[in-house]
Structures are given as C-alpha cells and as structure tokens.
Peer 1: 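Mind having a look at this structure? Questions to follow.
Just so it is clear: chains get the letters A, B, ... in the order the sequence lines come, proteins before strands, and each one is counted from 1. Because only heavy atoms are used, hydrogens play no part in the values below, and waters and symmetry mates are left out as well, while side chains stay in.
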There are 2 protein chains.
Amino acid sequence: MERLPPLNAIKAFEVAARAGSFTLAATELGVSSAAVSQQIRNLETWFGKQLFVRSGNRIALTDAGHAIYPQTARALGDIAAIGRRMLEGGLRTRLVVSVPFSLAELWLAPRLAVLLDAFPQMAIDVRVEDDPVDLMRQNIDLRISYGDYHYPGLKLVRLVHDDVLPVCAPEFWRRHGNGDPSLADLHESLFIHTNWGPNYASHPTWAEWFTASGGSRAPDPSHGRRVGLSSLAIASARLGLGIALGQRVMAQADLEAGRLIALSPVSVRLGHPYCAFMPPAKAERADVAGLVELLVKAAPATSGKVGAPR
Amino acid sequence: MERLPPLNAIKAFEVAARAGSFTLAATELGVSSAAVSQQIRNLETWFGKQLFVRSGNRIALTDAGHAIYPQTARALGDIAAIGRRMLEGGLRTRLVVSVPFSLAELWLAPRLAVLLDAFPQMAIDVRVEDDPVDLMRQNIDLRISYGDYHYPGLKLVRLVHDDVLPVCAPEFWRRHGNGDPSLADLHESLFIHTNWGPNYASHPTWAEWFTASGGSRAPDPSHGRRVGLSSLAIASARLGLGIALGQRVMAQADLEAGRLIALSPVSVRLGHPYCAFMPPAKAERADVAGLVELLVKAAPATSGKVGAPR
DNA sequence: AGGATTGGGCAAGAAAAACTTCTGGAGCCC
DNA sequence: GGGCTCCAGAAGTTTTTCTTGCCCAATCCT
C-alpha cells in the first residue's frame, strides 16, 4: 500500500464537512476550532488541493471536497464498525466486573442488587481480586480499584472519594462509651485498626482521625484489634468487637439500619478515590455504561466526577 | 459517529497483520519495531482484546485479530483510494512546474528538453515566478526554489547544491586576461557582480571567491557591471561583457560548447541547495516523480540528496 | 549441545504532532 | 455603524509518538 493521507486529518475533514462548520466540528471532536482549522489545512497541503472555500466566517466544500466526503465517511464508518464488532465478539457475553476484596461485599453487592432488581435477566460475573489485574487476558469488562493511577490507557471514571469515621455497635457504645464521643478516655484495646496490606499505605489511621477531630491521641495498633480488610473492620464493629474507622460507603447500610452508630461527624478522607476502569471501546457497551452510571449516581453525597478517557 | 479507535494504531495493525511481523511492518512504515509494538498494544488496550499472540520471537493473529484484519485493510484501502482520486481530479491535467526566473532558461529548459525528447507528447506547463508561490491556488504540481526552508508541509527533494566559479568568453580572456588566472590585476570594471534582489542575500560575492582562492581582493561592485539575475550574469559573460561568478549548473552547457571558459577550479558553494517541493499526494504521480528523478539525476556531479517528506 | 542470531518487550528520553490561547479580520445581522 | 460569529495565524505548551538501548525467549547453525 502506498503512503496514506494523514488519518487524523481525514477524520477532522469528515466531521467538518458533515457539520458544515469548523466550530461545530471542533465541538464534536472535543478540541478547539483552531485545531480543526489546522488539520484541514494539513490535509489540503497534503493533497495540494483546497477542500473548503472560506469566505469570511463561512465555509463550503469545494468540488474536490464534495468528491471525497462520501468516501471518507464510509471509510471511517467502517473503522467505527470494527470497534463495534470487537465488542460483540461472542455477543452472548456476560458482563464481567472485577473488584478488590474490600469493596465486593459492602459496596458492590448492594449496588448490583439495585441493578439486578431492575434488570433481572442481566448476566453479571463478579470477580474478586487485588490489583494489578490483566483485563485483557481475563476478558474483564470493568475493573474497580482504589486509586486513579492504575491501568494507563484505559478509560477512567472516578466513582467516589470515600472518607472514614468512627463507628461501633449501639450496644457496644452503651457498655463502653461512657458518653464521651471524643473517645479520649476509651481503652486502647477497644480500637479496631485497619491494615490494608502490603500494596497500600494510605488508609487513614486512628492518629490521623484524632488530629482531624482536634485531639492528639494516637492509639497503639499493637494493643487494639487489627484487621486486614476495611470491610472486615465494619463487620467487626457491627459485631460489637470495638470501634472502627469505617469507610462511609461501607457503613452506610448498617448506619441506616441502626446496626452501627457514628460516634462523631468528623471524618478523614482516603488518599485516593475509588475508580472504574474499562477499555475505551467497551465504555460504549450499554451494559457497561449503565453499570458505571449507576455506580456513579449511587454515591452523589461524597463525590462522582467523570474523568476523561486516556 | 461514535468514538473511533485510534487510527494510526489501526494502520500499524493492518501492516503488521499483513506482514506477519512487527519488524517487517516497522520497515514498511518507516519506523522502529518498538513503535509498532507500542501501537499494537495501544489498540489492544483500546479494544480490551488481544490481537496478536506472542510466543517468544514469533507473533500470530488471534481470532479477534483475524476477524478484523480484512475490515481494516478495506477501510485503509478506501482512504488510500481517496488520495489517488485527488490526483486524477480531472485526469487530463498537464504537469505544472513553477520555477524562479534565474533557473528557467539555463537550468530547467535544457533538462526539460531531455524529458520531452523522450516523451514528446508530455504536456508540461512551466511557470516562472518568485517565491513565495501558492501551489494550491494555482494548481502547481511542482515548485523549484532556492533554499530548503520554504513551504513547510510539502514534500522536499534536494536537487543540487550549486557553486559559482569565474567564467568569461574566450575572446574576452584573450583580450583582457594577460594570462593571469589569479585575476589579481584585472581591472575592476571587468568584473560582473550578481545581485539577487531584495529577497535573497546569500549569493557569493567576488570578495568571497578571492578569499577562497587564497587571495584577498575585493572588487568594488560600484565599479563593475551589475546584473540582477544569475542567468543574466552568465549571458553577459558569454557576450564578452566581463568576468562573472557563474553558477556551475547554468554555465555547464556554455563551458562544454566553448562559449565560456572557466578561469579557475576554485569555486564557492551557494548558501542553500536548489530544491523541489510538491504536495505529498502528488509526489506519487508518475509524471511528477519522473521529472523529479530526472532533475536529481541530471546533476550528480555537485549533489543530489533526497530529503524526507515533511 | 552451545553460541549466535532473530524478533519482540520494556523503560527512558527525544522528537514530532497536536492542541490551546490569543489576536486579528471578514462577513452578517440588526 | 456596531456588535457578533466564525475562521486564520502565530506562539507556546502539552500530548503523543518514536527512538535508543537493553533484556529475554526461541530458533538456527555449526
């Protein structure tokens, strides 16, 4: 095959020709109008032919531009079709979602329940595994992770930037609380410490929480209970084993049901947001997009910003 | 139209799939194999699907890769066809060549004569005009200019890096020369000075030539003859009006025919090469490519380097 | 076997392409 | 005529792409 014209310029041309305006084309492409102008000129220089006539603030296709537009549209349409074809690739696919251990039970499950309630026939696989995950080899459609720095090249959607606050079971508080929500006098052994394991280091500590609440206590982890999973901390607190720094999104249901109580409005943000990652092509699948949307909407209280594809 | 897969990655994929090797594909694309490897991975990440299986130093298309290859080939072929179509755009076109005044008569004309001798029915327009020229608006296929800095975006081919040397008519030398090829004693009024006009400043002067030849004379332009065109300097010398610093490519024919004699082997290079410019798409037209090739070959003595497309 | 060769992966920095911002000018509309 | 919209152009910045240099695995070749 001989040398091809610059493909991105072809793309810009197709959009501009269809839109009849560089500005509209720019909007559609998500760039500035000057960028479109440059790409078009680029293509004109390549061909040595004008494709648009400019008259003041208006443009129109030249004869040459008219001649090639349908071909560009068809070729690009074909390429778009390739993308679509990739998604179907077995069409009968289930939606495969991968989450870290900590999120599976207390965060994803209830949200999926909502979704499955609405679409009972929806086929979803949930895989529970820690980062890093190879989405390609395992045919995963959507990965949810802590932090927005994993998986370069994948489309990224920020779901929720969670925070932690002290929670415990109501009976526990009745027995040990002494009515002091500053927790200043609570015995060290009653604190539950969460350890996120070797790969993560940004989970807030009790010391940080005390600092944020204006105190200065720093309970010694070696004296209290220690758990290796944030969802386990919640579960432990629910069972009356102590006071945990529980993540809000995980404790929510227990708090509303009265199985847990929050001992203070003071909370500490996690170091990173929870994010969804997916191959850009799969972001257009209706089921993937729908699930992501649900997950974003489900937590409007603390966050929900949509990131640009990378 | 929805989001398109990265087009350059598609291109890399098509070539790699056809070549069956990243390295061969890299050669065809004129890039390194690592670049191809990256583009393919890029596309795989976009789709969330492997397109090649890698086993050691060998690659093979996956089922998914196999499935999309024909579509990519067709779409890219369509786009290549667009390029070809642009060239034909009236098919009945003549070849339009644009040259600066100085080159038209003594350089281009004899070379075209060779070409037209071989292909008498070839339709060529020669336009004579100075830089800058708008190739697009005037439908020019090939522009020849002094210097390689004009016309960004156009494909550039360096034709010849010329030099100047002192020439005069044989009778003139018999009458005024005194047998002294160092020209040290020649009367100032017998030097012909070339002035390239307001846009150019790099034409070698007599002072430079004397320096190059080991002397130190600097004839005063206000005393000798002055011409505003390098071809006119040659013509003047041929007519016995004085000694000119003549460009080799222009004096060649007169030197061989004995109408001019070179007074010294010492020459001074011009500041820039002569270059051909053309829209990249037109570089593939057989007539354009043929003419450029002829022009390059016609001057192997002093240069003939081919530049990369810009 | 065992060394040499070929072809691809990976990471860092370099080069090239694309984009943004700002400014200016031309036509259109009131 | 004045304001508005839209495109062009230049300069500077960001992003993408490519190269370089190194490694490893499989193959090839005595």
Peer 1: For B:Trp46 and D:dT16, give me the distance from atom CH2 to atom P, rounded to whole Å.
Peer 2: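 The distance from CH2 of B:Trp46 to P of D:dT16 comes to 12 Å, rounded to the nearest Å.
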Peer 1: Would you mind checking if B:Arg18 and B:Glu28 are paired as a salt bridge, meaning a charged N to carboxylate O distance below 4.0 Å?
Peer 2: yes
Peer 1: Is any side-chain N or O of B:Ser21 closer than 4.0 Å to OP1 or OP2 of C:dG7?
Peer 2: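 For B:Ser21, the contact criterion (side-chain N or O under 4.0 Å from OP1 or OP2 of C:dG7) is not met.
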Peer 1: Without decimals, in angstroms, what is the distance between B:Leu29 CG and C:dA16 C1'?
Peer 2: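 To the nearest whole Å, that distance equals 16 Å.
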Peer 1: Looking at A:Glu44 and A:Arg54, is any side-chain nitrogen of the basic one under 4.0 Å from a carboxylate oxygen of the acidic one?
Peer 2: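 Answer for the salt bridge query: yes.
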Peer 1: Want to settle it: does A:Asn8 or B:Ala34 sit nearer the 5' end of DNA chain C, counting the closest nucleotide to each?
Peer 2: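 Checking each residue's closest nucleotide, the 5'-ward one belongs to B:Ala34.
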Peer 1: Is the shortest heavy-atom distance from the side chain of A:Leu142 to the side chain of A:Lys282 under 4.5 Å?
Peer 2: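 Sidechains of A:Lys282 and A:Leu142: no contact.
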Peer 1: Without decimals, in angstroms, what is the distance between B:Asp134 CG and D:dA8 P?
Peer 2: 14 Å
Peer 1: Could you work out which one of C:dA18, D:dT20, C:dG9 sits closest to the side chain of B:Arg54?
Peer 2: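 The nucleotide sitting nearest to the side chain is C:dG9.
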Peer 1: Under 6.0 Å between ring centres: does that hold for B:His161 and B:Tyr274?
Peer 2: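 Between B:His161 and B:Tyr274, the centre distance exceeds or equals 6.0 Å.
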Peer 1: What is the distance from CZ of B:Arg41 to C1' of C:dG8, rounded to the nearest Å?
Peer 2: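 Between C1' of C:dG8 and CZ of B:Arg41: 10 Å.
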Peer 1: OP1, OP2 of D:dT16 versus side-chain N and O of B:Gln39: anything below 4.0 Å?
Peer 2: no
Peer 1: Examine D:dA8: is either OP1 or OP2 under 4.0 Å from a nitrogen or oxygen in the side chain of A:Ser37? Give yes or no.
Peer 2: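 For A:Ser37, the contact criterion (side-chain N or O under 4.0 Å from OP1 or OP2 of D:dA8) is met.
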Peer 1: Whole-Å distance between D:dT27 P and B:Arg58 CZ?
Peer 2: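 It works out to 6 Å between those atoms.
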Peer 1: Nearest to the B:Ile59 side chain among C:dG8, C:dA18, C:dC10, which nucleotide is it?
Peer 2: C:dG8
Peer 1: According to a strict under-4.0 Å criterion, is B:Asn42 in side-chain N/O contact with OP1 or OP2 of D:dT16?
Peer 2: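 Indeed not, no polar side-chain atom of B:Asn42 lies that close.
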Peer 1: On the nucleotide C:dG8, are OP1 or OP2 found under 4.0 Å from the side-chain N or O atoms that B:Gln38 carries?
Peer 2: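 Answer is no, no contact under 4.0 Å.
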Peer 1: So which pairs with a foot in residues 15-48 of chain A pass ring pair (Phe, Tyr, Trp, His ring centres under 6.0 Å), sequence neighbours left out?
Peer 2: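 For residues 15-48 of chain A, and leaving out neighbouring residues, the ring pair (Phe, Tyr, Trp, His ring centres under 6.0 Å) pairs sorted by first residue read A:Phe22-A:Phe52.
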Peer 1: Return the value, rounded to whole Å, for the distance between atom CD of B:Gln50 and atom P of C:dG8.
Peer 2: 15 Å
Peer 1: Counting only side-chain heavy atoms from C-beta out, which of C:dC19, C:dG9, D:dC7 sits nearest to B:Phe22?
Peer 2: C:dG9
Peer 1: Among the nucleotides C:dT20, D:dA8, D:dT17, which one has an atom lying closest to any side-chain atom of A:Val31?
Peer 2: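 Nearest to the side chain of A:Val31 among the choices is C:dT20.
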Peer 1: Between C:dT20, D:dC6, D:dA8, which nucleotide gets closest to the side-chain atoms of A:Ala35?
Peer 2: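 Within the option list, the nearest is C:dT20.
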Peer 1: Give one of base, sugar-phosphate or nothing for A:Ser32, where a contact means two heavy atoms less than 4.0 Å apart.
Peer 2: base
Peer 1: I want to check something: taking the side chain as every heavy atom from C-beta on, are A:Arg74 and B:Arg74 in contact at a cut-off of under 4.5 Å?
Peer 2: yes
Peer 1: Can you tell me how far P of D:dA8 sits from CG of A:Leu51, to the nearest Å?
Peer 2: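 Going from A:Leu51 (CG) to D:dA8 (P), I get 12 Å.
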Peer 1: Nearest to the B:Asn57 side chain among C:dA11, C:dG7, C:dT21, which nucleotide is it?
Peer 2: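 Nucleotide nearest to B:Asn57's side chain: C:dG7.
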Peer 1: What integer distance in Å separates B:Leu7:CG from C:dA18:P?
Peer 2: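 Going from CG in B:Leu7 over to P in C:dA18 covers 11 Å.
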Peer 1: Tell me whether the OP1 or OP2 atom of C:dT6 has a side-chain N or O from B:Thr23 closer than 4.0 Å.
Peer 2: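 False: B:Thr23 side-chain N/O out of range (4.0 Å or more) of C:dT6 OP1/OP2.
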